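The structure displayed is predicted, hence computed values, not measured ones. Note: hydrogens, waters and symmetry copies are ignored here, and every other heavy atom, side chains too, is used.
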Amino acid sequence: SVLAPDGVLSIEHPHLLRMLDGLQFDTIYHEHFSYLSLHAVRTLLGRHGIEVFDVQELDTHGGSIRILGQLASRPGGSGARSPDPSVDRLLALEEAGGLLDLDRYRRFGEQVAAAKRRILSFLIEAKEQGKRIAGYGAPAKGNTLLNYCGVGRDFLDFTVDLNPSKQGRFLPGSRIPILEPGRIFSERPDYVVILPWNLQEEIQEQMAGISDWGGRFVVLVPQPRVLP
């Protein structure tokens, strides 16, 4: 109703295919009511007279897509845009990736359970070696990860966050205290787990000083990795 005859509708959202392939189960929580593929969005828009003519793949939030649509019928046909090959290419990738097959989603559930076991095994081994572990960030995805895996202060001594409104509080469920980033340098943990893994490079640059005492960064999704 609001799109001009020659207007363009732009929709950007995390890509379901990248979420499944990257085992990004920690991005599934109550703020996000849907997890979208190009197939799903194209079908929905088509029901309302809008056709997808282009799609762009982005790195945002672990892998997103920007879908561009236009009215399928215009007075006089003005402003029509030819479909870009990117649309068919991504549709084919989604189909090859199993997005139209229910078994793909069942396997995802099994993979998530296996990922939980790997995460706990890594943390248990680190603690048994006497390692001190802290977190960086207090994002929603981090809370989803920690609560699903049952990780609390028995594994993470604390986490830090740049947002002053979060400092001095606790992560919900796990009750891990949230401190200001400077505490990383005063407490000198052996491992710093990056909870907002989509900001990994930014955080590594910001907190590069942890190498002074041999500290290492860790990401837990899709599997535990100690970063170089």
Side-chain angles (χ1 to χ4, degrees), residues 8-46 50-69 83-116 118-119 122 135-149 161-162 192-206 217-228:
V8 173
L9 171 68
S10 176
I11 301 174
E12 182 177 327
H13 56 81
H15 190 194
L16 178 61
L17 181 62
R18 293 284 293 274
M19 187 188 83
L20 295 179
D21 286 347
L23 208 59
Q24 299 167 6
F25 64 90
D26 54 341
T27 65
I28 301 174
Y29 50 88
H30 71 281
E31 286 182 22
H32 301 163
F33 291 104
S34 55
Y35 305 88
L36 302 172
S37 64
L38 177 59
H39 271 91
V41 174
R42 188 181 69 153
T43 299
L44 178 62
L45 293 180
I50 296 175
E51 61 181 5
V52 173
F53 69 88
D54 197 2
V55 62
Q56 302 162 6
E57 295 183 79
L58 311 168
D59 291 330
T60 311
H61 293 299
S64 299
I65 54 176
R66 179 181 297 131
I67 296 172
L68 302 178
D84 189 89
S86 60
V87 176
D88 286 340
R89 183 187 65 80
L90 193 56
L91 288 172
L93 279 177
E94 290 186 349
E95 187 168 359
L99 264 60
L100 305 184
D101 183 356
L102 187 59
D103 284 341
R104 178 68 180 88
Y105 303 95
R106 293 194 180 101
R107 289 198 304 274
F108 180 70
E110 296 167 358
Q111 291 167 340
V112 169
K116 175 180 180 177
R118 290 194 298 268
I119 290 169
F122 171 82
Y136 187 100
K141 59 164 54 74
N143 289 312
T144 300
L145 172 73
L146 297 175
N147 281 288
Y148 171 65
C149 293
D161 200 279
L162 278 172
V192 176
V193 176
I194 299 176
L195 295 173
W197 46 259
N198 52 307
L199 303 176
Q200 172 189 319
E201 293 181 4
E202 176 184 331
I203 292 168
Q204 282 186 280
E205 182 178 351
Q206 175 191 333
F217 290 106
V218 175
V219 293
L220 299 177
V221 176
Q223 60 185 0
R225 289 184 296 125
V226 179
L227 303 177

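Counting non-hydrogen atoms of neighbouring residues, nucleotides and ligands closer than 6.0 angstrom, the CG atom of Asp103 exceeds 12 such neighbours.
Shortest non-hydrogen contact noted between Gly62 and Trp197 is CA-CZ3, 3.7 Å. Residues Pro14 and Ser64 come closest through the heavy atom pair CA-OG, 3.5 Å. Of all heavy-atom pairs spanning Thr144 and Ile28, the tightest one is CG2-O, 3.7 Å. The minimum heavy-atom distance between Asn143 and Ala138, with the atom names listed, is ND2-O, 4.3 Å. Of all the heavy atoms in Gly22 and Val221, the pair that sits closest is O-CG1, 4.0 Å.
Between the His15 side chain and the Glu57 main chain, no donor and acceptor come within less than 3.5 Å of each other. Judged purely by atom type and a 3.5 angstrom limit, Ser86 has no side-chain atom pairing as donor or acceptor with the backbone of Asp54. Without hydrogens or angle criteria, Glu94 side chain to Leu38 main chain gives a donor-acceptor distance under 3.5 Å.
Remark: of the listed residues Tyr148, Tyr105, Tyr35, Phe108, Tyr148 is the sole one forming a ring-ring contact (aromatic ring centres under 6.0 Å, His included) with Phe25.
The shortest distance between side-chain heavy atoms of Ile65 and Gln56 does not fall below 4.5 Å.
Donor-acceptor pairing under 3.5 Å is lacking for the side chains of Glu202 and Gln206. In this structure, a donor-acceptor pair under 3.5 Å is absent between the side chains of Gln24 and His61.
Salt bridge present: Arg104 and Asp21 bring a charged side-chain N and a carboxylate O closer than 4.0 Å.
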